[in-house]
Amino acid sequence: MRLTRTLRTAACAGAALLLAAACDSSHSTSATGLNPPDLKAPTKLGRTEGQVDLIAWAGYVEDGSDDPRVNWVGDFEKQTGCQVHSKVAASSDEMVKLMKTGEYDAVSASGDASLRLIASGDAAPVNTALVPNYKDVFNGLKNGAWNSVNGRMYGIPHGRGANLLMYNTRKVRPAPTSWSAVFEGASKYKGHVTAYDSPIYIADAALYLKSTRPELRIKDPYALDQKQFDAAVALLKKQNTDVGEYWGDYLKEVSAFKSGDSVVGTTWQVIANLAASEGAEVKALVPKEGSTGWSDTWMVSSKAKHPNCAYKWLNWIVSPKVNAEVAEYFGEAPANSKACAETSDKNFCAVYHAADENYWKRIAFWNTPIEQCLDGRTDVRCVPYAKWVQAWTEIKG
């Protein structure tokens, strides 16, 4: 298993992250008000071009160079003749920036990047009929608010995971059932609370406020008007006084829970598993308010120089055996419903709730905050992601 997903925060993201400028009012309007450029998906595939250039999270495009036992690129190259060139990105912001260069054919975008790529015209809609393995993707991953607009898919789902509440079972009593353990109740563990180091963590606060402050009328934690946004930021600034460390590196979080430096905070299932296997007295859960989470989507560049090889890669990476290998190596639930029969650990899909759609209904998958409110409101403007980045810098002081 290897997992690396670090969303770096950078004030320089600024206005480049605004979406509205990329949208032409002449294009069809979605329920959220998002107007992506009217790009066409291919109707058929041609001859492969001999190579494909990918941007991916670490652990998604393995060719045996990191670990000889982990290689799903080699067989792809042999079967398709498409030589894989990949670049590991450290953040969603970096993925968006790289896709704008037009030098890459496809990207494994998380929900906090995908709408930016769609709205800017850097990602093209996909013809799912040209990806045979798409038919076996779990229905809960299709036509999501983060990977489709007006019923048009803009990529092929890869996998998903939830942002869980993890706690030290010896030091945090009674066992928490609510995110209040890291918000209103955080002072009890002052200096030993940990939180995810990313602007998208503002949505975690919004999700909590959705349940605890109904007067704010939050429907979608990624669609916040100024009043709702200010309330979430205020909650996080208050939490900051109790946070001992913001984490972006999973190994550091494991170490902190093992040493006792952290006793409660947000985590992923793979981190909880690893921490427990190394002796940390921890448990992780989805609290009663639900959780945020991620769903990654392989998206094709609208400027792809090797679109045929890109489509071959999309089909390959979600094929049952390969999707199972990636899911186990990275630590996430696979997208292909047939992948569970291919995992080496036959309990893997149960632990990661791969086929439990009721579980995933409790997860608010990362999405890209934009001015056109994603919850469908038209009487207000919502706070765009650029402002989330600025606010995160202020929250951390």
- Query: Any Lys/Arg nitrogen of Lys258 or Glu278 sitting under 4.0 Å from an Asp/Glu carboxylate oxygen of the other?
  - Reply: yes
- Message: Tell me whether the NZ or CZ atom of Lys142 lies within the 45° cone about the ring axis of Tyr134 and under 6.0 Å from its centre.
- Response: yes
- Is the NZ atom of Lys346 crowded by more than 12 outside heavy atoms at less than 6.0 Å? yes
- Query: Mind checking whether His353 and Tyr359 have parallel, tilted or perpendicular rings, split at 30° and 60°?
  - Reply: parallel
- Query: Do any pairs count as a disulfide bond (SG atoms under 2.5 Å apart) and have a residue in residues 88-207, sequence neighbours left out, and if so which ones?
  - Reply: none
- Give a yes or no on this: more than 12 heavy atoms of other residues, nucleotides or ligands lie within 6.0 Å of atom NZ of Lys135. yes
- Short N-O contact, Lys321 and Glu342, less than 4.0 angstrom: no
- Within one Ile-Leu-Val-Met-Phe-Trp-Tyr cluster: Leu39 and Trp146, side-chain cutoff 4.5 Å: no
- Check the hydrophobic clustering (I, L, V, M, F, W, Y; side-chain heavy atoms under 4.5 Å; chains of links allowed) and say if Trp316 and Val70 are grouped together. yes
- In a check of side chain to side chain contact (heavy atoms under 4.5 Å, CB included) between Asn133 and each of Thr128, Ile317, Ile156, Asn315, which one passes? Asn315
- Item | Residues in side chain to side chain contact (heavy atoms under 4.5 Å, CB included) contact with Gln226, at least two apart in sequence or another chain | Phe229, Asp230, Val383
- Give, for atom CD1 of Ile55 and atom CE of Met95, the distance between the pair rounded to the nearest 0.5 Å. 7.0 Å
- Inspect the contact between Glu328 and Arg69 and indicate whether a charged nitrogen and a carboxylate oxygen are less than 4.0 angstrom apart. no
- Task: Tell me whether the guanidinium CZ or amine NZ of Arg160 lies under 6.0 angstrom from the six-membered ring centre of Tyr352 and within 45° of its axis.
- Result: no
- Does a salt bridge link Lys87 with Asp53, judged by any charged N lying under 4.0 Å from a carboxylate O? no
- Item | From Gln228, Lys387, Arg377, residue fulfilling side chain to side chain contact (heavy atoms under 4.5 Å, CB included) relative to Cys382 | Arg377
- Item | Shortest non-hydrogen contact between Ala310 and Asp105, atoms and distance | CB-CB, 4.1 Å
- Query: Are Tyr196 and Glu253 linked by a side-chain donor-acceptor pair shorter than 3.5 Å?
  - Reply: no
- Pick from Tyr246, Trp247, Trp392: which one makes a side-chain hydrogen bond (donor to acceptor under 3.5 Å, both in side chains) with Asp197? Trp392
- Keeping the roles fixed (side chain from Thr194, backbone from Glu245), state whether a donor-acceptor pair exists under 3.5 Å. yes
- Message: Check this for me: does any side-chain nitrogen of one of Asp225 and Lys227 sit under 4.0 Å from a carboxylate oxygen of the other?
- Response: no
